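Because the structure is a prediction, the values reported are computed rather than measured.
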Amino acid sequence: QVQLVESGGGLVQAGGSLRLSCAASGRTLGTYAIGWFRQAPGKERELVGCIRRGGSAAYYPGSVVSRDDAKNTVFLQMNSLKVEDTAVYYCAARPDICSTSERQYDYWGQGTQVTVSS
């Protein structure tokens with residue numbers, strides 16, 4: 001079993017940045033791919049980014065996913081945030097490689113709220 005806890009969410013102005021953290025307990029994160037998803041009100045949950053097992057960093061438009069396996073933590077750095085980035089952000093774990101399907105992830109955190117104001 002892996003327990004995941006997200007942190008770092010909050011209120012930020014449009015154009016600002018946030019760094020979310022996903023800390024694991026129970027087992028090491030080192031053998032897992034970690035995906036970051038988000039769900040806005042009234043919308044389906046969508047993948048924001050993912051880093052595979054052994055990966056150093058994964059780059060996406062406006063964001064970077066990185067990991068520090070020594071600290072059992074994965075990060076989502078988001079820059080140039082927009083109002084439409086407002087959502088609850090979740091991290092999730094699955095073995096080895098990333099998947100775009102949330103159904104492929106075995107463990108989930110409770111989520112952290114990100115609110116971007118105009």
Side-chain angles (χ1 to χ4, degrees):
Q1 282 280 6
V2 177
Q3 292 80 44
L4 301 175
V5 178
E6 303 93 339
S7 62
L11 177 64
V12 63
Q13 286 191 329
S17 298
L18 273 179
R19 187 194 199 201
L20 306 183
S21 298
C22 173
S25 61
R27 297 183 67 177
T28 178
L29 274 185
T31 61
Y32 292 93
I34 303 299
W36 282 98
F37 292 79
R38 70 183 183 186
Q39 187 166 24
K43 295 187 177 181
E44 294 187 354
R45 192 152 51 184
E46 63 178 356
L47 179 68
V48 177
C50 182
I51 187 164
R52 61 173 175 81
R53 171 183 178 176
S56 56
Y59 295 88
Y60 297 87
S63 64
V64 180
V65 183
S66 60
R67 65 191 303 157
D68 185 339
D69 288 341
K71 295 182 178 179
N72 235 19
T73 303
V74 174
F75 305 98
L76 173 65
Q77 175 70 43
M78 300 186 291
N79 303 315
S80 302
L81 285 162
K82 304 174 183 177
V83 172
E84 51 264 41
D85 293 318
T86 295
V88 178
Y89 284 71
Y90 301 88
C91 62
R94 71 178 307 276
D96 299 325
I97 61 174
C98 294
S99 172
T100 58
S101 172
E102 62 179 287
R103 298 176 183 178
Q104 297 295 318
Y105 290 79
D106 300 318
Y107 305 103
W108 289 81
Q110 293 299 306
T112 185
Q113 176 70 46
V114 172
T115 303
V116 184
S117 64
S118 59

Asker: Quick check: does any side chain N or O of N72 sit under 3.5 Å from a backbone N or O of A24, one acting as donor and the other as acceptor?
Answerer: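 Side chain of N72 to backbone of A24, a donor-acceptor pair under 3.5 Å: yes, one is there.
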Asker: Give me the atom names and distance for the closest heavy-atom approach of S118 to A14.
Answerer: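 It is CA-CB, 4.4 Å.
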Asker: Tell me, yes or no, whether the heavy-atom count around Q113 atom CD, taken from other residues, nucleotides or ligands under 6.0 Å, exceeds 12.
Answerer: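 It does: Q113 CD has more than 12 such atoms within range.
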Asker: With the 4.5 Å side-chain cut-off for hydrophobic clustering, are L47 and W108 part of the same group?
Answerer: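 Same cluster.
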Asker: Considering only residues two or more places apart or on different chains, which pairs with a residue in residues 77-118 satisfy disulfide bond (SG atoms under 2.5 Å apart)?
Answerer: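 Qualifying pairs, neighbours excluded: C22-C91, C50-C98.
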Asker: Sort and list the pairs that fulfil salt bridge (Lys or Arg N to Asp or Glu O under 4.0 Å) and have at least one residue in residues 18-43, not counting sequence neighbours.
Answerer: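 Checked against salt bridge (Lys or Arg N to Asp or Glu O under 4.0 Å) - neighbours excluded - the pairs reaching residues 18-43 are R38-E46, R38-D85.
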Asker: S66 and Q77: side chain to side chain contact (heavy atoms under 4.5 Å, CB included), yes or no, with the steps?
Answerer: CA-CA 8 Å; S66 60; Q77 175 70 43; over 6 Å; no
Asker: Of all heavy-atom pairs between T86 and V83, which one has the smallest distance, and what is that distance?
Answerer: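 So the two residues come closest at OG1-O, 2.9 Å.
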Asker: So, does Q13 use its side chain to make a donor-acceptor pair with the main chain of S117 at under 3.5 Å?
Answerer: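 Here the side-chain-to-backbone pair does not exist.
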Asker: With a 3.5 Å distance limit and no angle check, can you tell me whether T112 reaches the backbone of G9 through a side-chain donor-acceptor pair?
Answerer: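 Checking the backbone N and O of G9 against the side chain of T112, a donor-acceptor pair under 3.5 Å is found.
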Asker: What pairs with Y105 under ring pair (Phe, Tyr, Trp, His ring centres under 6.0 Å), at least two apart in sequence or on another chain?
Answerer: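 Checked Y105 against ring pair (Phe, Tyr, Trp, His ring centres under 6.0 Å); matches are F37.
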Asker: What heavy-atom pair brings E6 and G111 nearest, and what distance separates the two atoms?
Answerer: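 Closest approach of E6 to G111: OE1-N, 2.8 Å.
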Asker: Which pairs with one or both residues in residues 101-118 pass salt bridge (Lys or Arg N to Asp or Glu O under 4.0 Å), sequence neighbours excluded?
Answerer: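 Sorted result for residues 101-118: R45-E102.
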Asker: Going by the salt bridge (Lys or Arg N to Asp or Glu O under 4.0 Å) test, which pairs reach into residues 53-80, not counting sequence neighbours?
Answerer: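 Residue pairs passing salt bridge (Lys or Arg N to Asp or Glu O under 4.0 Å), neighbours aside: R53-D96, R67-D69.
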Asker: Looking only at heavy atoms, what is the nearest atom pair of Q3 and G26, with distance?
Answerer: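 Looks like OE1-CA, 3.6 Å.
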Asker: Can you tell me how far the OG atom of S101 sits from the CZ atom of R94, to the nearest 0.5 Å?
Answerer: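 Atom-to-atom, S101:OG and R94:CZ are 8.5 Å apart.
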Asker: Connecting only ILVMFWY residues whose side-chain heavy atoms lie within less than 4.5 Å of each other, what is the rest of L29's hydrophobic cluster?
Answerer: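 Members other than L29 - counting any ILVMFWY side chain reachable under 4.5 Å - are V2, L4, V12, L18, L20, Y32, I34, W36, V48, I51, Y60, V65, V74, L76, M78, L81, Y89, Y107, V114, V116.
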Asker: Quick check on E44: does its CD atom have over 12 non-hydrogen neighbours (other residues, nucleotides or ligands) under 6.0 Å away?
Answerer: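 Check fails, neighbour count at 12 or below.
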